[in-house]
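Just so you know, these numbers come straight off a predicted model, no measurement behind them. FYI, side chains are in, hydrogens and waters are out, and symmetry mates aren't considered; it's all heavy atoms of this structure.
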Amino acid sequence: MNNPFFDALNAEVQAIIDAIARKEYKTANTRIEIINNKIEDLIDTSSDEVFLREISKYQVLVSHLHNKINASE
C-alpha cells in the first residue's frame with residue numbers, strides 16, 4: 001500500500017528499531033507508546049478493511065518490538 005501515512009509510520013518503526021540497536025530502551029519504549037496510541041485510535045475510527053489489515057501489521061510489529069525490549073532489559 002503506497003500511502004504517505006504508512007511511509008511515515010514505517011519511518012517511526014525504523015526509529016524504534018534503531019533505538020533498540022543502540023540499546024536506548026527508554027527512547028524506544030516512549031516511541032512505542034506513542035505509535036501504539038496512534039494505531040489504536042486509527043483502528044477505532046476506521047472502517048476501511050484494507051487500511052485496517054495494513055495497520056494491524058504494524059500493530060503486531062510494534063508489539064513484537066515491545067516484547068523484544070522487555071526481554072532485553
First locate atom [atom1] of [X], then atom [atom2] of [Y], and finally report the distance between them rounded to the nearest 0.5 Å.
X     : Y     : atom1 : atom2 : answer
Ile35 : Gln59 : CD1   : CD    : 12.0 Å
Ile69 : Lys23 : CD1   : NZ    : 13.0 Å
Asn3  : Asn10 : CG    : CG    : 12.0 Å
Asp44 : Ile39 : CG    : CD1   : 12.0 Å

Looking at side-chain heavy atoms only, is the closest gap between [X] and [Y] below 4.5 Å?
X     : Y     : value
Lys38 : Ile34 : yes
Lys26 : Asn29 : no
Leu65 : Val13 : yes
Asn70 : Tyr25 : no

Return the orientation label for the Phe51 and Phe5 ring planes: parallel under 30°, perpendicular over 60°, tilted otherwise.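 The arrangement is tilted - the two ring planes meet at 30° to 60°.
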Requested in this report: Tell me, with the steps shown, if Leu61 and Lys57 meet side-chain contact (heavy atoms from CB on, under 4.5 Å).
Outcome: CA-CA 6 Å; Leu61 175 58; Lys57 293 175 188 176; over 6 Å; no
- Taking atom CD of Gln14 as the centre, report whether more than 12 heavy atoms of other residues, nucleotides or ligands fall under 6.0 Å from it. yes
Worksheet entry | Step-by-step side-chain contact (heavy atoms from CB on, under 4.5 Å) determination, Ile55 to Leu9 | CA-CA 9 Å; Ile55 198 79; Leu9 188 58; 3.6 Å; yes
Checking Arg31, His66, Lys68 against Ile16 for side-chain contact (heavy atoms from CB on, under 4.5 Å), the one that qualifies is Arg31
### Query
Checking Asn37 side chain against Glu33 main chain: does a donor-acceptor pair fall under 3.5 Å?
yes
